[in-house]
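Just so it is clear, the values below take in all heavy atoms, side chains as well, and ignore hydrogens, waters and symmetry mates. Ligands are counted one by one from 1 in listed order, and the atoms in each one are counted from 1 as well.
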Amino acid sequence: MTSDRPVRVRFAPSPTGRLHIGGARTALFNWAFARRHGGRFLLRVEDTDTERNTDESLHSILNSLRWLGLDWDEGPEVGGEFGPYFQSQRKSLYQQAIDRLLAEGKLYRCFATPEELQELRERQMAAKEDLRYDRRFRDLDPGEAERRAAAGEPFVLRFAVPDGEEIVIPDLIRGEVRFRSEEVEDWVAVRANGMPTYNFVCVVDDAAMEISHVLRGEEHLINTPKQVLLFRALGMEEPLFGHVPLILGADGKKLSKRTGDTALEDYRSKGYPPEALFNFLCLLGFSIDDKTDVFGPEELVSAFDLKRVNKAGAVFDLDKLHWLCGDYIRRTEAAELASRCLPWLQQAGLVEGEPAAELQSWLVDLAAAMRERLQSYQELPEKAAFLFQDGVEPDSKAAKALAGEEARRLVEGMRQKLETLEPFPPENFAAVAKAFAEEHEVGMGKVMKPTRAALTGSLGGPDLGQVLKLLGREQALKRLRQAAART
Ligand code: GLU
């Protein structure tokens with residue numbers, strides 16, 4: 001369901017930390033919804049918590065969004081007609097709304113001290129009643145309230161929740177959710193220090209920015225009735241809401257740092273392909289159809305439908321993410337993969353600085369050889385280290401494969417064979433090895449195992465023809481010679 005207003009959605013992060021998986025998924029769904037409906041995707045920075053905000057967090061959030069491939073039509077760095085897009089720069093707008101609602105009696109001053117409120121809570125707890133503010137200052141004479149405020153007595157502003165209102169939220173994901181206004185307490189809209197609270201500024205901004213649909217995490221559902229009542233108090237049209245399900249760890253509990261990396265940046269720095277993360281985040285509660293797991297932005301945008309977002313919590317399945325990563329890497333062009341892996345090769349000290357043309361093309365061959373075996377760019381240095389060094393030390397399995405007279409004789413025979421071959425490596429190494437095995441009247445395994453062990457130092461790894469190409473004639477023959485000479 002869409003309203004008849006132009007589609008304008010927002011992602012509203014607080015820059016108090018890095019972008020988490022849940023936030024990234026919320027941003028992605030908003031982006032997809034805007035793109036699907038030809039609407040606008042806004043980024044609004046909820047930076048009212050001056051003690052916890054940092055520039056570093058802001059940049060990290062923006063970078064993570066860009067890394068995922070999300071662009072925004074209005075917001076930081078791009079501007080827009082509904083700015084400023086930082087809440088810290090919108091204080092005068094909030095003040096106007098506060099003054100108006102206070103004058104209209106829709107906000108009122110509450111002078112209850114923290115101790116008095118604590119006492120109230122304890123009393124309600126002892127009586128097993130719902131914990132809620134008892135409206136003790138709601139009917140205070142406004143003149144009296146003003147006098148006490150002028151005398152310097154601290155107060156908060158509370159929202160006067162109207163009695164007897166039905167709040168029906170036609171949630172676009174969960175279906176109709178109903179609240180009665182009696183269930184909503186007179187919540188604090190402005191703190192004693194004059195700072196309006198999240199629920200207040202969020203609504204003032206959503207109204208001013210003409211947000212048509214609010215799509216956000218399920219944890220905000222408890223805020224929605226408060227916000228709906230505030231839209232009504234302001235006389236503004238309320239947006240449509242959709243609450244996306246929680247993300248659960250493998251243990252079925254809400255995803256937390258304990259269950260794995262929760263910041264998107266951690267996946268980036270570990271060399272996960274952004275396309276895989278994009279795809280994976282979509283699958284956290286959404287599916288295009290009943291069979292398609294692998295899809296990208298275009299397919300998402302043309303199929304995005306809130307009706308296909310689940311109500312139930314979405315389980316964060318790390319194996320699935322790794323599988324997707326491997327799948328994307330396998331389908332990446334070798335040249336592209338080489339350039340994506342380069343920072344990790346540099347970090348590991350295997351490549352110094354910008355590679356010259358010859359090394360560059362060797363790295364492309366390397367990427368082509370290793371493509372099938374990677375689930376992240378970060379894995380390449382470790383998995384390919386044997387190709388960068390002079391000589392190789394066999395691991396225990398390889399050493400076993402090289403032990404014995406026959407293995408050494410076959411490795412030496414293979415060396416002699418390869419030495420005579422032109423071009424190097426031969427076009428079809430498997431055929432060469434087969435002919436060699438027949439000539440020596442042994443099975444292929446007897447030849448390949450020690451040859452692989454000699455060339456790579458292990459029993460796994462890429463196709464030996466590719467290994468020979470990457471090592472080059474001199475290094476390959478040297479390794480075979482060394483292995484044959486081992487005692
Ligand atoms: N700043 C809020 C958050 O990060 C935004 C919630 C909303 O979308 O309304 O949770």
Side-chain angles (χ1 to χ4, degrees), residues 7-34 39-54 57-62 64-65 70 72 74-76 82 84-91 94 97 159 167 169 171-174 177 187-189 191 195-231 234 236 238-247 254-256 262-265 281 285 306 309:
V7 169
R8 292 175 57 79
V9 292
R10 84 304 191 274
F11 176 56
S14 306
T16 53
R18 300 182 300 164
L19 182 65
H20 282 212
I21 291 288
R25 193 223 11 204
T26 300
L28 200 160
F29 283 7
N30 275 284
W31 175 88
F33 187 78
R40 312 269 287 170
F41 173 53
L42 284 69
L43 208 58
R44 180 173 76 223
V45 183
E46 306 218 319
D47 58 347
T48 50
D49 188 349
T50 41
E51 277 175 19
R52 292 173 59 222
N53 292 328
T54 63
S57 301
L58 175 65
H59 288 119
S60 155
I61 292 170
L62 300 186
S64 289
L65 291 171
L70 304 186
W72 48 99
E74 296 173 32
F82 292 77
Y85 294 91
F86 289 84
Q87 289 189 327
S88 58
Q89 296 167 22
R90 299 177 63 83
K91 287 187 182 146
Y94 306 141
F159 182 77
I167 305 146
I169 301 160
D171 193 292
L172 299 171
I173 295 164
R174 309 173 67 81
V177 188
W187 49 280
V188 174
R191 293 194 187 89
M195 283 301 282
T197 57
Y198 155 71
N199 278 312
F200 191 84
V201 295
C202 176
V203 168
V204 172
D205 287 345
D206 283 342
M209 293 179 177
E210 298 179 11
I211 297 302
S212 61
H213 298 74
V214 169
L215 309 176
R216 61 184 171 199
E218 189 186 303
E219 65 275 17
H220 284 290
L221 185 59
I222 49 158
N223 291 316
T224 305
K226 295 179 185 169
Q227 297 188 4
V228 165
L229 291 173
L230 180 53
F231 275 105
L234 287 166
M236 304 298 283
E238 43 197 86
L240 290 169
F241 292 89
H243 292 91
V244 298
L246 293 178
I247 301 177
K254 194 172 174 214
L255 187 69
S256 71
T262 51
L264 204 60
E265 243 176 25
L281 290 172
L306 292 173
V309 176

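When only modelled atom types and interatomic distance are considered, Asp47 and Asn53 share no side-chain donor-acceptor pair under 3.5 Å. Side-chain contact, Tyr198 with Glu46: no donor N or O sits under 3.5 Å from an acceptor N or O.
Closest approach of Pro225 and Ile222 over heavy atoms only: CD-O, 3.6 Å. Annotation for Gly242 and Ile173: closest pair C-CD1, 3.9 Å, computed over non-hydrogen atoms.
Taking every heavy atom of Arg216 and a limit of under 4.0 angstrom, the matching atoms of ligand 1 come to 7 (C), 8 (O), 9 (O). When each atom of ligand 1 is checked for a heavy atom of Glu46 under 4.0 Å away, the hits are 1 (N), 2 (C), 5 (C). Interface of Ser14 with ligand 1, defined as ligand atoms under 4.0 Å from a residue heavy atom, comprises 1 (N), 4 (O). Per-residue contacts place Cys202 under 4.0 angstrom from the following atoms of ligand 1 (heavy atoms of the residue considered): 9 (O).
Taking the salt bridge (charged side-chain N to carboxylate O under 4.0 Å, His left out) definition, one finds that Arg52 meets it with Asp49, sequence neighbours left out.
The single protein non-hydrogen atom nearest to atom 10 (O) of ligand 1 is His220 NE2, 2.8 Å, given as residue, atom name and distance. Shortest contact from atom 5 (C) of ligand 1 to any protein heavy atom: Ala12 O, 3.2 Å. The closest protein non-hydrogen atom to atom 7 (C) of ligand 1 is Tyr198 OH, 3.3 Å.
Using a non-hydrogen distance threshold of 4.0 Å, Arg10 registers as a contact of ligand 1.
One finds a salt bridge joining Arg8 and Glu74 here, because a Lys/Arg side-chain nitrogen approaches an Asp/Glu carboxylate oxygen to under 4.0 Å.
When non-hydrogen atoms are compared, ligand 1 lies under 4.0 Å from neither the backbone nor the side chain of Phe11.
Looking only at distances, no side-chain donor or acceptor of Arg44 sits under 3.5 Å from a matching main-chain atom of Gln87.
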